[in-house]
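Scroll down for the structure; my scribbles are underneath it.
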There are 2 protein chains.
Amino acid sequence: MDTHLRDLRYFVATAEELNFTRAAERLFVSQPALSKQIRQLEEGLRTRLFDRDRRAVELTAAGAALLPAAREVIRCWDEAQRAVGDAVAAEAASLRVGLSTSVGRGLLQRAREGYAVRRPNGRLQIRQIDWDDATAGLAEGRVDVALVWLPIPNQDAFATRVVATEPRCVVVREDHALAGRSEVAFAELLDEPFLALPAAAGPLRDYWLAIDHRDGRPVRVGATVSNADETFAAVEEGSGIVLIAAGNAAIYQRPGTVAIPVSGLTPSELALAWRADDHRGTVRDFVETL
Amino acid sequence: MDTHLRDLRYFVATAEELNFTRAAERLFVSQPALSKQIRQLEEGLRTRLFDRDRRAVELTAAGAALLPAAREVIRCWDEAQRAVGDAVAAEAASLRVGLSTSVGRGLLQRAREGYAVRRPNGRLQIRQIDWDDATAGLAEGRVDVALVWLPIPNQDAFATRVVATEPRCVVVREDHALAGRSEVAFAELLDEPFLALPAAAGPLRDYWLAIDHRDGRPVRVGATVSNADETFAAVEEGSGIVLIAAGNAAIYQRPGTVAIPVSGLTPSELALAWRADDHRGTVRDFVETL
DNA sequence: CGTGTCCATAGCCTTTGGTTATCACAGCCG
DNA sequence: CGGCTGTGATAACCAAAGGCTATGGACACG
């Protein structure tokens, strides 16, 4: 048998007052309503809780047993409500950060610390997002801010702040003809098969294929990859070569692959992005932290 | 904001299944009913508890915070119900014993021990009852068994078992003319003012005034007394003298008063009594104990 | 012997909790 | 592609719960 928590409060008030009329006043209900609820509680528990002796109301043994237990249930429920409230507050102060690759560069660590100062109750929740969404989850609303490589699709919808500008490298298998070189010109790569981002990545796919450095010559796509793991696996497999940012070359050093600086390309831009119509304080705090 | 404990069970079931349809089945309610109650819980807490993403249901941060807390509330309530159940069981095994005077004679101690063997969960609750009710609470249902002096009013309604038969004494003030005597004949007391029980005590009042040893001569009533304390206070005050059982003379030795054995009276009978229509095992156990 | 206090009951209305039927949407399979 | 299936939301409806006001009956008190 379950009961409404309100009825437990009714019971406790009545047990404290030992007077239905006064208890009803304290509870802001009519006396008959209180009587009825107490009776119902008694029926549910299959025992009387009060002896309504003529003139005096007093607790039965069962009522005396229930009183501390009921107080405990109420305390426990109040505690539960507090826990929910805390969780809501913490979430309101938290931000979901979208990433497509590891960022490195000490960025995340600094962001965490800086944000913790501004929002002591908040947390940064990091989400790895595949390249099917070049906005790293921003577009679908899965994150609040993201670290993305420019350009991104529908860029007008987002505000961006460039946080790093780096030359590009090419990653080749260690037995590739160029593997020993300390630098290559992009022109030397034009006939190589390239790994490509998914079509959904839009302009970002073109960017990492360096379409506008090819003078209209078609690109050979060796495979399509959706994240960093797939990319390096594909290079090792010999499916093709791939351009990456110099910073990422330092982070991702995989045995069996070699990264070589490439000349003749515009540098890549890593940017912090958020929805242009998102004016929440938490977002601004995060942006200012970086 | 308070909620029905049932709704917490609904929430827990849904959080465990992460599927409204299955949770509703487990709870033996329809799925719309479950949906509605969960929504109402969410409104009460002013936060969403589940993310009903298309295809998947999962807990929000608030929901995750509520889950253990809700389990705790439910556990706590189950505990409260158990406490009430225990109290009811204990009371069912307990007996209220009515007394009008101290009983002494080691009776109560033996009764307690014997009863504890038969009803380990039960207890004897002793109630002192004034002589306004010569049945020591039996008539009004305030006790289950009583130790009474015979005769009692409406004696057919009760079953009795005599536990002690004792000669009677008279209690006088220490400066009374008879105070030095080692025994007196009742005939010597006929002109003394007597303390009387309340009229409601009926035949018992007559008995302790020894009406049927007076050959129709009227009794002088010095005062009416309702319990042992009043009786001795009245004797000390000089309001009158009073007959008591020899056993009680031993128990109640008050400075300023003297008890003297009286000859020429029928002996008094202390009896265990219970309602004739009360066939409960607890009552029988108690009777057999004595 | 009124009068006031206090709990219970009765009659009525609104809200709540439940039902069935149906819709909208996603995924799956042929 | 089109129909089937599984899932949650919605609508319409009904019974029960929970509230109120008015009233009754028992008792204490002056």
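Lettering of chains follows the sequences in order, A, B, ..., and the numbering in each one begins at 1.
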Tell me which nucleotide among [options] gets nearest to the side chain of [X].
X	options	value
A:Phe20	C:dC7, D:dG19, D:dA9	C:dC7
B:Ser30	C:dG17, C:dT19, C:dA8	C:dT19
B:Val29	D:dA9, C:dT19, C:dA8	C:dT19

When you measure from the side-chain N and O atoms of [X] to the phosphate of [N], is any distance below 4.0 Å, counting only OP1 and OP2?
X	N	value
A:Thr21	C:dT5	no
B:Gln31	D:dT7	no
A:Ser35	C:dA8	yes
A:Gln37	D:dG19	yes
B:Gln40	C:dT16	no

Residue met sooner reading DNA chain C from 5', once A:Pro32 and A:His4 are mapped to nucleotides: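 The residue mapped nearer the 5' terminus is A:Pro32.
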Whichever of B:Arg6 and A:Arg52 has its nearest DNA chain C nucleotide further upstream toward 5': A:Arg52
What is the distance, rounded to the nearest whole Å, between atom [atom1] of [X] and atom [atom2] of [N]?
X	N	atom1	atom2	value
B:Asn19	D:dT5	CG	P	18 Å
A:Leu34	D:dC20	CG	C1'	14 Å
A:Ile38	C:dT9	CD1	P	14 Å
B:Lys36	C:dT20	NZ	P	13 Å
A:Glu43	D:dA16	CD	C1'	14 Å
B:Glu17	D:dG8	CD	P	11 Å
A:Arg22	C:dG4	CZ	P	19 Å
B:Glu25	D:dT7	CD	P	9 Å

Do NZ/NE/NH1/NH2 and the carboxylate oxygens of [X] and [Y] come within less than 4.0 Å?
X	Y	result
A:Arg48	A:Glu43	no
A:Glu79	A:Arg82	yes
B:Asp51	A:Arg142	no

What does A:Phe50 touch in the nucleic acid at a heavy-atom separation under 4.0 angstrom: a base, only the sugar-phosphate, or nothing? nothing
Could you tell me whether B:Ala33 contacts a base, only the sugar-phosphate backbone, or nothing, with contacts defined as non-hydrogen atoms closer than 4.0 Å?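 Answer is base: heavy atoms of B:Ala33 come under 4.0 Å of a base.
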Does a side chain donor of either B:Glu25 or B:Thr21 reach within less than 3.5 Å of an acceptor in the other side chain?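 The answer is no; no qualifying pair exists.
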Report the C-alpha distance between A:Tyr10 and A:Phe20 in whole Å, list the side-chain angles of each, state the deciding distance to 0.1 Å, and finish with yes or no for ring pair (Phe, Tyr, Trp, His ring centres under 6.0 Å). CA-CA 10 Å; A:Tyr10 283 9; A:Phe20 281 68; over 10 Å; no
